Each structure stands twice: as structure tokens, then as C-alpha cells.
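Below: the structure, in C-alpha cells.
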Amino acid sequence: MSEAVVSTHTPFADLAVETITAGLEGALGLATGSLKRSSFRDNHRIQVDPPCLGRALLALREAGMDLLIDLAAADYLGYPDAEHRYGVWYILENTSTGTRIMVRTWADDPSPSLPSAFDIWRGSDWMEREVYDLLGIEFTGHPDLRRILMPDEFAGHPLRKDYPLSGMGERHHFVPLARDES
Amino acid sequence: MPLKLADAIAAPDVEERECLWTLNFGPQHPATHTTLRLVLNLDGEVILKATPDIGFLHSGFEKLGEHLDFNQYVTIVDRMNYISPVANEIAWHQTVESLLGIDLTPRCKMIRVIFAELMRIHDHLLCCGAAALDLGAFTAFLYAFNQRELINEINEWASGQRFHPSYTRVGGLQRDVDDAWIGKVRGFLDGFIAAHNDVNKLLNRNRIFLDRCRGVGVLSKEEAINRSATGPVARASGVQRDLRRLRPYLAYDAIDFDVVCAEEGDCLARYLVRMEEMLESWKIVKWAIDNLPGGPVNAEIDGRMVLPNQLSVYRSIEGLIHHFELNMTNRKWKPPVEELYTATESPNGELGFHIVSDGGPCAWRVRTRPPSFIHFSLFPFLAEGHAVGDVAAILGSLNIIAAELDR
Amino acid sequence: MEVSLPEDGFLVTKLDEVANWCRKNSLWPMAFATACCGIEVMATGASRHDIARFGAEAFRFSPRQCDLMIVAGRVVMKMLPVLQRIWMQMPEPKWCISMGACASSGGVFDTYAVVQGIDRFLPVDVYIPGCPPRPEQLIQAVLDLQDKVQKTGTFNAREFKNRTRPEGPKPLAMQLDMADQMVAPADFRTATRSWSAVPDVGNHAREAGR
């Protein structure tokens, strides 16, 4: 979905969330109602394209969303009706009003990458490292993007759908110690 | 008093100074609360830079969530924050039940509240006890562990397992509680205040404990929010945010309790917030056990989403079919093809689960929002400028559980 | 556990008995507590189930000062070299208890990161099943180990010199082929089961086998 497409989405029922979304559209220079919105139970989600993501997150921070609750991603390879391979979400909250919003974006092979939110919310530091480690999405602008959970010499990104649950032999690739030599 | 970096040390060529050295702390170390590793760059005893190295307990929990269904995964979720197991289960099943659109019975909600608060006491007892142990106070640890054994007994009485009970199920609980269990909970409540006072007497005016904790690892309110801290760590820095009040779940909107906050944001504030929260939890459990509603504990809804009780499985054909439908691999639940994030106020902070569902009984992706992971990223910021001896105090106050940290 | 007739003389066997008695009643555990079982180890050391009654009170955290390593909790591939290094640092005589299902066989975690049983890489003396095992089970394991020490120990650790093979898991009676070796419970639509479908990540991973 690009900025040139003029399609209006139904506004959110929650007024606070709709105000924030309209403000975001204004900050990005988009027409009101052009960002794709969806709601399920109490989650309100806005879809933002990767090229506008950096500005969008900064605008949301300036609009008062000061708490980054979670930053994570999933691999949608094989998911019904998936348009892109990786979906990334940012769950943000405004600590003064309690409004919570989810910003969804996407990335694709062959080299998935997104702008880093390191300078906006410092809490994104390790969350981005984890997404990089387990799914392989690079965050440009992150000062120290290296593996955090897997060993440094590990090759592969375990949470991808084409990586098997039991691994590919890495977990047993060690030298056994016999009783007499230890 | 903690050592502070003198201005002279923060010179630009600090890395070239020959007196600097690197100390490896962990992953096998008594104060690191199981498997974490810290690489400390030191100038004498002063920490210039602390680099955590984690992943020594990464077991692939989130990948397992893609292969186990909603009732099976509760056993795995138990093993995340293993010092407050039922709290994780409650958070997990809350997300699943929201996804499936199931409403719980009042009795189930109240029992889950009781367990959630007992687990809060369980977690804080271990955190305060272990923090004291790391600073040299062994007796407080033993007193705390004694109370934890009583809570383990309560777990065992309800579900059969003293630890990792896997007690909740989709739409309800594994089994209902009986009067003997209620008696056990009341017995625990009767003895808890005295034990809490004992720990207070040992630590709250203990000069050594106070000197090692006061002013150490100060986290300001703005930094707490910017670095995504939640739970007691954030509340001790002045962030007045508690999901039990902000987004009430289970039966919390009917219960009267206070949210404990502090302003200083140092290790002592975090310890005191946890101690006070235990008393608030005590009040909640007392109210809940006195006002425990009757009725069924599993939601009675159509759509074959909730496991039937044992009697109906063995005595009626409908119960048998119902049980079959929920256990055979190509049947089970048919959730909407949607994603959902919900969170609860677990003892450690905001524990949330984000489930991406593709319509099948196993989630497509399970993401745990792990408070320990996020709090451990605070550590380099908190430890800078302190002495090596303060590492134990700061780590103990952050309550890092390695299984939740690494998943 | 076999008890063979002593080959040495009377003095040596008497020395063995005395040494074994001393050692078994003052085992100094090194709690290699990684996960949930670590909490049960702490509970065993706490006041209700007191392991100090059996002599194993001194939980020293330096491997140089311990003789019993209790591996409590799952060991992941990043941690295994650390575990092996700590085992190597412990002086003889030393024993190892594998506590819990995860340390004994991988437990509920048959995933890419968890070692399916530390006995593949370390010699283990006593296994404790359970998830987590109750403190009483850990105490029983310590008592069993004390029996083992009494019956098969020697004062100069010569009982180890004839054991040259690692005490790993026995091979399965029925060899499973590659397609069946990856077990994904309750799921038949998961990611690749055959090796050819994934890009080559390096020969060493493939040759090492599972």
C-alpha cells in the first residue's frame, strides 16, 4: 500500500486512538483515513509502510506515546493471505492517558531491513537485537546489532518457518568428555 | 555508599589507560541468578562499562508455541518465569480466551485472582530473599523460602504438582478447588504477616543492607519509561502504572487494593515496593477467599472449546464426543484468523502474549513479552559508575529470571 | 551397579572404605542450577527439606572446591561448553547428578537449542526424573550416590582408569531414519523434515548428525 493510493479506512471507534492516528497521518503528510486500520478485541492496529516507518514512530513518540511495550516480528511464510514474508509490530502506550496502539509494518526477502527505533525508545535496543537474531531482520541505525540469544557462531535464524524445530544438528555438535580424561 | 565515577575518569581516551581490565562475571556464578554473563570493564573496582551476554538458557519456547496447542503450551509457559508459574499460565490463557472469545465464570476468575496474587507473593519472596542472600543475609532467605513452601503446598493441593502446576485450561481450570484448599489458603494467610514482619525486622533497618542498597542503581522515571520498564521496577521509579488498574482483567475491578509506588528508583526502593506489594496481595487474597463465588469453574459454552469434566466424559456420550473433539489432532479449536496481544500484571512486570493465529489449534506464532529481558537491558545503564560489589545488589533488585530472559 | 570382588589387599580395601565413608558423608555440591530445577535445589537446601542433614550442605560455587556437580535444569548449546569446562575444573574424585528431565534427556524441550541429555557429553552417575523433581527425590538421589560412593569408590580414584568410553546414551534398538527423527508434536504441517530442502549452512552441522 503506497502513499499515492487514496483509499479511506473506517475510523477507529475508540476516539483517543483515532485522534492519534489522524495526527500521525497529518505528520506523515497523508490524507486522513489513508492509513490502514483494523481492530480486534481491544487491539487497535495501524499499518505503516517501511519507508515512512521512521518518521511515523518519531511522530507517535512526540504525540505522547512514550512507552514502547513490545517490538516483535513473525514469519508469515505459508500464512493464509499473507502479502509479505515478515510482519513486525510495535506496541506503544501513552503512560499519561493509557491509550495503547499497535503499529504494524512489514519486510521481505532477500534482505529484510527496517529503520531502528533505538534513538526514539531506548527499550527497543534489545528487542531489535532479538528480532535480528531469531528472524534475520536488520535494523539500520542500531549501534550494536549482533546476536543476543543464539551463540555468535550460529548460522541461521531459528524462528523462521523454514528452520526446523529440532534444529540442524547444532545442538549436539560438541565433543563428549569421557570419564578418564575429565 | 556507592563509588561514583570521578570526572577525570570519563576522559575520551579511557580505553587506552593501562589500569583498565575486564572481568567476566558468570555465566556460572552464585549472584547471577542462574545463567547470565556480564563482561565488566573496570577501572579498579569501578565499572566503566557492563556488557551483558545472554542466551545461556535459550530453549526455543517461542518456536515450541508453533507446535503445541493452546492447552499443551500452558506446560511450557509455566517454565518461563519459574518462580511464579501460575501467573504465566493466567497470562497465556487470558490471551487464548480473548482470542477465542470465551468468558470465564465468576468462580474461575476469583480463583485465578487468588493464584495470581499468591504467585506475586511467591515471586517477591524469592526476589527479596535471593537479593538478601546475594548481599549476605542468609536468614531472610530461609524465612522467605519457608513461606514459599506453604504456597507450594497450596499449588499441590489444587493441581497435584507443587511447582509448575499447569493449572489453567482454556475456559477454566484443570479442576475445581475444595474446602480443604480454602483452609490451606487461610492457614497461609494467618501465618504470613508474622513471617513478613520477621523479614522486615532483619532487613529494613539493617545498616549493611541499607548501605548496600540505598542510592545504588538509580533509575529515573523518564529513563524507566524510555527503556520500557514495567512492574515493580518501574513503580519504584515513580511510574504509576499497574495493569490491574489500567486494564482490569479477571475480577480485579471489584477488588479494593493499593498500587505501591516509590520515587527514588534505587535498589532499596525496589525492595520496599516488593515488600509492600506482598502485603497488598495478602489483602487481595483475603478478600477473594472470603468472597469466593460458587458455581462451575469451567465456562459452559457451546462450540466445544472447553474440556468437559471427567464425570461427563465417562458417563455421557456427549461428554465423550466433546472430549474427543478437543483432543484429536485434526480437530480442536478453530480460532479466528487474527492476531491478539493481551497482557497481565505479572509479579515481574507486564507479561504479555501476542498470538498470531492461522485458524488452527496451534498458534502460528507466539510471542512472549518478557519483563526480565527488558529489565536486564537496564543493567548496563544502572551499573555504570558503581563498584563491583554493587552488581549483586542491582541484579537482585531487578529480579532477572533467566528462563524468561532467554526463553 | 556392579560390585566385584576386591582385587587388592586388606589394607587397601579398608582404606577405600574409610575414604568412601568420609567422602560420601561430606559431599560438597556444586549446584549448576540453570533453570526451574535450580529453585528446587534451593528448596532442598532451605529449612524444610534440609540437605545439610546428609552432609551436603556446603554449596561451594567454585568448582575447584566441590566434588558433586548437580546439573539442575536444561543445558542449552551455548551453555554446554561452560558446563564441560566446569566439569574439567573439578578435581577428582567427582560425581555428577543429572537432575530433572531436561538435564537427563532434554525434557519437554526437543528444540534446536537444548541438549538432549547431558550424558551425551559428560559422565553422569545418577539421574533424577521429574519436572521438576521434588526435593525428596533430590535427597534420595544424594543417598543413592552415597551408596554408590561407598560401594564402588576408591581412595585414589583408580575406579575410573578403566573407563575410557563416554557414558552416553545407548543407541536405539530400532534405527529411525531421517524423516522420523524430527518429532514435532501434534503438527504435521511444519517446516521441512528433510535436509535437502534447506540451504546448506555448512557441512559440519550436517556431518555431526543428531
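Quick caveat, the model's predicted, so the values are computed rather than measured. For the numbers below, each heavy atom of this structure counts, side chains included, while hydrogens, waters and symmetry mates do not. Each chain gets a letter, A, B and so on, in the order its sequence line appears, and its residues count up from 1.
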Check: Is it the backbone or the side chain of S59(B) that comes under 4.5 Å from a heavy atom of chain A, or both, or neither?
Finding: neither
Check: Would E222(B) and R122(A) satisfy salt bridge (charged side-chain N to carboxylate O under 4.0 Å, His left out), going step by step from the backbone distance to the final call?
Finding: CA-CA 11 Å; E222(B) 293 72 33; R122(A) 189 50 64 86; over 6 Å; no
Notebook entry, point to check: Taking NZ, NE, NH1 and NH2 as the nitrogens, is one of them in R367(B) or E130(A) under 4.0 Å from a carboxylate oxygen of the other?
Noted result: yes
Next item on the list: Considering non-hydrogen atoms only, spot the tightest contact between L149(A) and D406(B) and give its length.
Entry: CD2-OD1, 3.6 Å
Note to self: Ring centroids only, cut at 6.0 angstrom: are F376(B) and W126(A) within range, meaning strictly under it?
What the structure shows: yes
Check: Who wins among G123(A), S124(A), P80(A) for the most heavy-atom pairs under 4.5 Å with chain B?
Finding: G123(A)
Check: For E350(B), is it the side chain, the backbone, both, or neither that has a heavy atom closer than 4.5 Å to a heavy atom of chain A?
Finding: side chain
Next item on the list: Please determine, among G359(B), G101(B), G60(B), the option with the most heavy-atom pairs under 4.5 Å with chain A.
Entry: G101(B)
Item checked: S166(A) backbone acceptor or donor facing K63(B) side chain under 3.5 Å -> no
Next item on the list: Could you check which of H354(B), Q240(B), R365(B) has the highest count of heavy-atom pairs closer than 4.5 Å to chain A?
Entry: H354(B)
Item checked: Test item: R369(B) side-chain N/O and I69(A) main-chain N/O as donor-acceptor pair under 3.5 Å -> yes
Item checked: Interface moiety of P336(B) toward chain A, non-hydrogen atoms closer than 4.5 Å -> side chain
Checklist line | Least distance between heavy atoms, N226(B) atom then I120(A) atom | finding: OD1-O, 3.3 Å
Note to self: Please rank E339(B), R241(B), R407(B), E223(B) by heavy-atom pairs under 4.5 Å with chain A and give me the top one.
What the structure shows: E339(B)
Notebook entry, point to check: Would you find a donor on one side and an acceptor on the other, under 3.5 Å apart, between the side chain of R227(B) and the backbone of D125(A)?
Noted result: no
Item checked: Side-chain donor or acceptor of D358(B) paired with backbone N/O of Y79(A) under 3.5 Å -> no
Next item on the list: Could you have a look at L246(B), V356(B), D53(B) and say which one has the most heavy-atom pairs with chain A under 4.5 angstrom?
Entry: V356(B)
Next item on the list: Measure L99(B) against the heavy atoms of chain A and call it side chain, backbone, both or neither at under 4.5 Å.
Entry: both
